[in-house]
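Heads up: numbering here begins at 1 and tracks the sequence.
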Amino acid sequence: QVQLVESGGGLVQAGGSLRLSCAASGSFFAIDAMDWYREAPGNQRELVAAITTGGSTNYSDSVKGRFTISRDNAKNTVYLQMNSLKPEDTAVYYCNAYVRDSDHDPFLDYWGKGTLVTVSS
C-alpha cells in the first residue's frame, strides 16, 4: 500500500512564497507521473502542475511563471515551489501519483490527504 503525505502548507501574505512537499512511502514497484491539484471552497479540484519521471512538466495557466514543480526520484518526493502567491491561490493542495505495486500490476491513482494553503491580501 502506498501513502502520500503532503507538508509545507500554511498562511502567507500575498506576494509571498511557500514550498510544498509530498513524499510517497510504503511498498511499491514504481512511480510514474506525480501531480499537484488544488481545491478551493466551492470549486472543483483542478490540476495545478504535473511532472513525469523524466522531468517533463505541465502547468495550469493560472500558475504558469509563478509555480515550479520538481521531483527527487531517489526520495520518491515531489515538490511545488509557489512564488508570488495571490489570494486566489488559497485552497487545499493535494498530491497525486500514479504508482505500480509490482511489475505485474497497472499504475493506480493515489492521493494524499491535502495541505491547506491560505494567502491573505
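No side-chain heavy atom of Cys22 sits under 4.5 Å from any side-chain heavy atom of Val5. The closest side-chain heavy-atom distance from Met34 to Asn96 is not below 4.5 Å.
Two different hydrophobic clusters hold Leu11 and Val92 under the rule that ILVMFWY side chains link at heavy-atom gaps under 4.5 Å. Criterion: ILVMFWY side-chain heavy atoms under 4.5 Å apart, direct or through other members. Under it, Val78 and Tyr59 are part of a common hydrophobic cluster.
Applying the ring-ring contact (aromatic ring centres under 6.0 Å, His included) rule to pairs touching residues 15-39 yields Tyr37-Trp111, sequence neighbours excluded. Legend: ring-ring contact (aromatic ring centres under 6.0 Å, His included) pairs involving residues 79-110, not counting sequence neighbours: none detected. The disulfide (SG to SG under 2.5 Å) contacts involving residues 32-93 comprise nothing, where partners must be two or more places apart or lie in separate chains.
Side-chain atoms of Arg45 never come within 3.5 Å of backbone atoms of Ala40 as a donor-acceptor pair (strictly under, hydrogens ignored). Looking only at distances, a side-chain donor or acceptor of Thr115 sits under 3.5 Å from a matching main-chain atom of Gly9. Here the side chain of Ser62 pairs no donor or acceptor atom with the backbone of Ser60 at under 3.5 angstrom.
For Asn58, the side chain to side chain donor-acceptor pair (under 3.5 Å) test picks out no residue, with sequence neighbours left out. Applying the side chain to side chain donor-acceptor pair (under 3.5 Å) criterion to Asn83, with sequence neighbours excluded, gives Ser17, Gln81. Asp89 is linked by a salt bridge (charged side-chain N to carboxylate O under 4.0 Å, His left out) to Arg38, Arg66, counting only residues two or more places apart in sequence or in another chain.
In this structure, Asp32 and Thr53 approach most closely via the heavy-atom pair O-CG2, 3.6 Å. In terms of heavy atoms, Ile51 sits closest to Ser70 at CD1-CA, 3.8 Å. Annotation for Thr57 and Ile69: closest pair CG2-CG2, 3.6 Å, computed over non-hydrogen atoms. Between Val48 and Val63, the closest heavy-atom pair is O-CG2, 3.6 Å. In plain terms, the two heavy atoms of Gly114 and Glu6 that are nearest each other are N-OE1, 2.9 Å. Nearest heavy atoms, Leu80 versus Ala49: CD1-CB, 4.1 Å.
With rounding to the nearest 0.5 Å, the separation of SG in Cys95 from CG in Asp35 is 8.0 Å. Here the OG-CG distance, from Ser27 to Asp101, works out to 7.0 Å after rounding to the nearest 0.5 Å. Distance CD1/Ile31 to OG1/Thr52: 13.0 Å, rounded to 0.5 Å. How far OG of Ser7 is from CZ of Arg19: 9.5 Å, rounded to the nearest 0.5 Å.
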task: Evaluate the side chain to side chain contact (heavy atoms under 4.5 Å, CB included) criterion for residues Gln13 and Leu85: first the C-alpha distance (whole Å), next the side-chain angles of each, then the deciding distance (0.1 Å), finally the verdict.
output: CA-CA 8 Å; Gln13 287 189 330; Leu85 282 161; over 6 Å; no
Side chain to side chain contact (heavy atoms under 4.5 Å, CB included) assessment of Leu20 paired with Met82: CA-CA 8 Å; Leu20 305 184; Met82 306 185 293; 3.7 Å; yes
message: Show, in sequence, the C-alpha distance, side-chain angles and deciding distance for Val117 and Leu18, and conclude whether the side chain to side chain contact (heavy atoms under 4.5 Å, CB included) test is met.
response: CA-CA 9 Å; Val117 172; Leu18 282 175; 3.9 Å; yes
